[in-house]
Amino acid sequence: MSFTHPTGTRGARQPGRGFRWMNRLLMRRARNTEGKTMGMNLLVLTTIGRKSGQARTNPLAWFPGPDGGWLIVASAGGAPANPAWYLNLAAHPDQVTVEQGGRKVEATAEELHGDERAEAWAKITAEAANFRRYEETTDREIPVIRLTPKA
């Protein structure tokens, strides 16, 4: 199944550009360490802009996925719209790079649906309660994406 693009009608304020300095700090940390930062596992996700065609990087929390992959969450802090990186993944799911702990891996992205999403969501919210709060803030179903390393 492909990516969906549902937007909610309510939620927290969409994260803005004020986080740029923090994102740079988190990306540096994610690229150089495998340990947790602020209680989270971090990675740097590089996508291709759906409109610009330019590489876009974002630091994201990740959770262990099957077969050595990563699970990421398009929460946008509980905002009613999906984050831009999600839309970039939807446009180019096979042009993804993950950087974490000194390694850089080409990957493919797939949005989880149905029982597979429900199972992953239960594991994610058990480990990181803030995602459960985001879900309560917005009326959209928060996407869970599996990143799988390319062979």
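These numbers come from the heavy atoms of this one structure, side chains and all, not from hydrogens, waters or symmetry mates.
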Student: For F131, which residues count as a ring pair (Phe, Tyr, Trp, His ring centres under 6.0 Å) partner, sequence neighbours excluded?
Tutor: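 Scan of F131 (ring pair (Phe, Tyr, Trp, His ring centres under 6.0 Å), adjacent residues dropped) gives F63, Y134.
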Student: Where is the tightest heavy-atom contact between V98 and A107, given as atom of each residue plus distance?
Tutor: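 Of all heavy-atom pairs spanning V98 and A107, the closest is CG2-CB, 4.3 Å.
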Student: In chain order, what residues pass the salt bridge (charged side-chain N to carboxylate O under 4.0 Å, His left out) check against K123, with sequence neighbours excluded?
Tutor: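 K123 satisfies salt bridge (charged side-chain N to carboxylate O under 4.0 Å, His left out) with E119 once adjacent residues are dropped.
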Student: Does F3 share a hydrophobic cluster with I48, counting links as ILVMFWY side-chain heavy atoms below 4.5 Å and allowing steps through other members?
Tutor: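 Each belongs to a different hydrophobic cluster.
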Student: Between T97 and V44, does a side-chain contact (heavy atoms from CB on, under 4.5 Å) hold up when you go through it step by step?
Tutor: CA-CA 8 Å; T97 303; V44 175; over 6 Å; no
Student: Give me the atom names and distance for the closest heavy-atom approach of R140 to A76.
Tutor: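 Here R140 and A76 meet closest at NH2-CB, 3.7 Å.
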Student: If we only count heavy atoms from C-beta on, is the L60 to W85 side-chain gap below 4.5 Å?
Tutor: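 Yes, close enough: below the 4.5 Å cut-off.
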Student: List for me each residue that meets salt bridge (charged side-chain N to carboxylate O under 4.0 Å, His left out) alongside E106, sequence neighbours excluded, and say none if there are none.
Tutor: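 Partners of E106 by the salt bridge (charged side-chain N to carboxylate O under 4.0 Å, His left out) criterion come out as none, since no residue qualifies.
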Student: Check step by step if side-chain contact (heavy atoms from CB on, under 4.5 Å) holds for L45 and T57.
Tutor: CA-CA 6 Å; L45 177 72; T57 56; over 6 Å; no
Student: Let me have the donor-acceptor pairs involving side chains of residues 143-151, under 3.5 Å, with sequence neighbours excluded, atom names and distances please.
Tutor:
| residue | atom | partner | partner atom | Å |
| --- | --- | --- | --- | --- |
| R146 | NH1 | E116 | OE2 | 2.8 |
| R146 | NH2 | E110 | OE1 | 2.8 |
| R146 | NH2 | E116 | OE2 | 3.1 |
| K150 | NZ | D94 | O | 2.6 |

Student: Who are the side-chain contact (heavy atoms from CB on, under 4.5 Å) partners of A129, not counting sequence neighbours?
Tutor: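 Partners of A129 under the side-chain contact (heavy atoms from CB on, under 4.5 Å) test: R132, R133.
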Student: Do L89 and E111 pass the side-chain contact (heavy atoms from CB on, under 4.5 Å) test, and can you show the C-alpha distance, the side-chain angles, and the key distance before you say yes or no?
Tutor: CA-CA 9 Å; L89 281 180; E111 183 174 349; over 6 Å; no
Student: Got a sec, which residues hit side chain to side chain donor-acceptor pair (under 3.5 Å) with T47, two or more places apart in sequence or on another chain?
Tutor: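 T47 satisfies side chain to side chain donor-acceptor pair (under 3.5 Å) with N88 only.
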Student: Give the cluster check for L71 versus I142: same hydrophobic cluster or not, with ILVMFWY residues linked at side-chain heavy-atom distances below 4.5 Å.
Tutor: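 Shared cluster, yes.
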Student: Taking all non-hydrogen atoms of both residues into account, name the closest pair between A61 and I72 and its distance.
Tutor: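 Closest approach of A61 to I72, heavy atoms only: O-CG2, 3.7 Å.
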Student: Which pair of non-hydrogen atoms, one from P93 and one from A91, has the smallest distance, and what is that distance?
Tutor: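 So the minimum-distance heavy-atom pair works out to CD-C, 3.6 Å.
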Student: Sequence neighbours left out, what passes side-chain contact (heavy atoms from CB on, under 4.5 Å) with L87? Give chain and number order.
Tutor: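 side-chain contact (heavy atoms from CB on, under 4.5 Å) check on L87 returns H5, R50.
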Student: Run the side chain to side chain donor-acceptor pair (under 3.5 Å) test against W62 and tell me which residues pass, sequence neighbours left out.
Tutor: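 Once residues adjacent in sequence are excluded, W62 has no partner under the side chain to side chain donor-acceptor pair (under 3.5 Å) criterion.
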Student: Report the C-alpha separation of W70 and N41 in whole Å, then their side-chain angles, then the decisive distance to 0.1 Å, and conclude whether the side-chain contact (heavy atoms from CB on, under 4.5 Å) test is met.
Tutor: CA-CA 10 Å; W70 306 268; N41 294 315; over 6 Å; no
Student: Locate the shortest heavy-atom distance separating A55 from T46; write the atom from each residue and the value.
Tutor: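 Nearest heavy atoms, A55 then T46: CB-CG2, 4.0 Å.
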Student: Nearest 0.5 Å, what's the CD-CG distance between E141 and N82?
Tutor: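 Between atom CD of E141 and atom CG of N82 there are 10.5 Å.
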